[in-house]
Structure formats: C-alpha cells, structure tokens
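All values reported here derive from a predicted model rather than from experimental measurement. As the structure lists them, so they are numbered: ligands from 1, and atoms in each ligand from 1. We count residues from 1, following the sequence as given.
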Amino acid sequence: MWAILVAAGRGERLGLDQPKAFAKLNDEPLLAEPLRRLDDSDWIDAIVIVAPPGWEEPAILLAEELGCAKANACVAGGATRSDSVRAGLAEVPADALVVLVHDAARPLVSDEVIGRVIEPLSDGWDGAVPGLPVSDTLKLVAPDGGVVDTVSREGLYAVQTPQAFRADVFRAAAAAGDATDCAGLVEAAGGRIKLVGGDERLLKVTTSDDLAKIAAWL
Ligand code: CTP
Ligand code: MG
C-alpha cells in the first residue's frame, strides 16, 4: 500500500509568501500533520511526497525531523493536481497493490477513513472515495447571477481525500487527462468507484479561516 501525499499546490487563495504546504498550522508547516498521520497508519507501507517545485529539500528535511520512516521519495509536482499525482505515481513501484492519494491540504486524515476507503478494494471495486451528503440547497446560476434552477441534492455528495485505488487500474487511468480528483480519472476510464463515509474534519485548507478552524480542532 503506497500513499501519494500531494502538496505541490501554490496556495493562491491562502495568499502567503510560501506554498500552502509550508503555511503554519500551530507551530509546524501544514505538511507535517498529514505526513505524520500517514506515517503512523498501519495501513500504509510507503509514502511519496509531492512537493512544490523548489521545495523538495525542505520537505525531505521535515520528513527526517519527524522521523517518518515510510517517506520513501520526494518529487516536485506539476502545473495541475493531476500532473502532481502523475509525478508521484512515477515513484510507486510496479508491484504496489494499492495506491492511496491524499491532499496535504487536508491535514486531519485518520486511520478510520483510510480503512474505509481501502476496504471496498477487496470487494471488487476499483477505487473508493470518502464523501459527505450535501446539506445546503443547490442552485444552478447563470454568469449574470440569475438563478436558473434549484437542483435536487438527492444522491449528491461532496468528495474528500484520501482516495484509494487498485494500483493497476489507477496507473492506466492516470496516464493522461485532468480531473479535479483522482476518482474522476478512474471514472472516465470506466472504473467502478465506491463512495464511503467521509469526515467533517477532513476539511481542506483553502483560506486562513480554514487554518484557524483546523488549528482549533488539533
Ligand atoms: N496540488 C498539487 N499540485 C498542483 C495543485 C494542487 O499537488 N499543481 C495539491 C495541493 O497541494 C493540495 C491539493 O492538491 O494539497 C488540493 O489543491 P488545492 O486545495 O487547490 O491547493 P492549491 O492548489 O495549493 O491552492 P489554490 O488552488 O488556492 O492555489
Ligand atoms: Mg488549487
């Protein structure tokens, strides 16, 4: 079981001088929390860190400082999230059975949710993603702000990471293309993805308010 921790985004909406993965969460770089949690998980055998270009060295140093024995490789990411995932996947050996992809921007990954996404792979699913049912009313809105329609939220889920995949299926699906999440690549290739229960605490850090919220939960 290999984990790819994607941390190569610029964090434009957070708007700091350094990339989001090195924004401070309490007294540590944001990357520290998800890295330590993946390293501590009994499900995971090895981790590939995908760092912002030029930040590979600080990422490796951080992994050493934290004593992350499973951090196996650190590579620079690409222009899009899918490019970064592909860069990480290139470091995963051919005999890996399962690939788990996680956003470093979701620091509070837990062993429970990792177990939930890995379990369906032994029941014939190609991948599994955690998600939460959408609770707000959804509107379809035109570019001028005019509401076009109210959309039923029946069966709609907001999807998170970690996402787990059969390694062979994922490698083929991820070879090309772009999607906002990895499951989208597998879906586009005809793969079967199962939705499992997500976790409110897997909130993704987008703005400084999110950082403050997650710091308070720690
Ligand atoms: N990511 C990545 N490589 C990219 C873009 C995103 O590895 N080229 C990673 C981010 O580091 C993050 C996750 O994908 O862990 C989700 O991306 P997002 O929350 O959009 O982060 P950023 O792209 O960094 O933020 P922004 O969109 O505000 O610039
Ligand atoms: Mg982004």
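Counting protein heavy atoms only, atom 24 (O) of ligand 1 is closest to Gly11 N, 2.8 Å. Here the heavy atom of the protein found nearest to atom 1 (N) of ligand 1 is Gly9 N, 3.5 Å. Scanning all protein heavy atoms for the shortest distance to atom 17 (O) of ligand 1 gives Lys204 NZ, 4.3 Å. The shortest contact between atom 7 (O) of ligand 1 and any protein heavy atom is with Ala8 N, 2.9 Å. With respect to atom 15 (O) of ligand 1, the closest heavy atom belonging to the protein is Val6 O, 2.8 Å.
The closest approach between Ala104 and ligand 1 falls below 4.0 Å for a heavy atom of the residue. No heavy atom of Ala21 sits closer than 4.0 Å to any atom of ligand 1. Look at Thr80 and you'll find a heavy atom under 4.0 Å from some atom of ligand 1.
Between Phe165 and Val186 the shortest side-chain heavy-atom distance falls below 4.5 Å. Counting heavy atoms from C-beta outward, Gln163 and Asp103 have side chains that stay 4.5 Å or more apart. Arg81 has its side chain within reach of Val85: a pair of non-hydrogen atoms, C-beta onward, lies under 4.5 Å apart. At a threshold of 4.5 Å between non-hydrogen side-chain atoms, the residues Arg171 and Val92 count as touching. The shortest distance between side-chain heavy atoms of Val101 and Phe170 falls below 4.5 Å.
The contact set between ligand 1 and Ser84, taken as ligand atoms under 4.0 Å from a residue heavy atom, comprises 2 (C), 3 (N), 4 (C), 7 (O), 8 (N). For ligand 1, the atoms closer than 4.0 angstrom to any heavy atom of Ala79 are 8 (N). Residue Arg10 approaches ligand 1 through these ligand atoms, each under 4.0 Å from one of its heavy atoms: 24 (O).
Closest of all the heavy-atom pairs between Asp45 and Lys70 is O-CG, 3.6 Å. The minimum heavy-atom distance linking Ala8 with Pro53 is given by the pair O-CD, 4.4 Å.
Each of Arg166, Arg192, Lys194 was scored for a salt bridge (charged side-chain N to carboxylate O under 4.0 Å, His left out) with Asp126, with one residue passing: Arg166.
The residue Pro52 has no part lying near ligand 1, judged by heavy-atom distances below 4.0 Å. Both the backbone and the side chain of Ala105 come within 4.0 Å of ligand 1, counting heavy atoms alone. With a 4.0 Å cut-off on non-hydrogen atoms, Arg81 touches ligand 1 through its backbone as well as its side chain. Residue-level proximity to ligand 1 for Arg106 is absent, since no heavy atom of it falls below 4.0 angstrom.
For ligand 1, the polar-atom distance check against Val50 finds no nitrogen or oxygen pair separated by under 3.5 Å.
The closest heavy-atom contact to atom 27 (O) of ligand 1, among the options Arg13, Lys20, Glu12, His102, comes from Arg13. For atom 8 (N) of ligand 1, the nearest non-hydrogen atom from the set Gly15, Gly78, Ala76 comes from Gly78. Of all the listed residues (Asp103, Thr207, Val85), Asp103 holds the heavy atom that lies closest to atom 16 (C) of ligand 1.
The environment of CG in Asp149 is crowded: more than 12 heavy-atom neighbours from other residues, nucleotides or ligands sit within 6.0 Å.
From Leu211, atom CG reaches atom CG of Leu30 across 6.0 Å, with rounding to the nearest 0.5 Å.
Comment: Lys24 does not engage Glu28 in a salt bridge, judged by the lack of any side-chain N to carboxylate O separation of less than 4.0 angstrom. Looking at Arg36 and Glu33, a side-chain N of the basic residue comes within less than 4.0 Å of a carboxylate O on the acidic one, giving a salt bridge.
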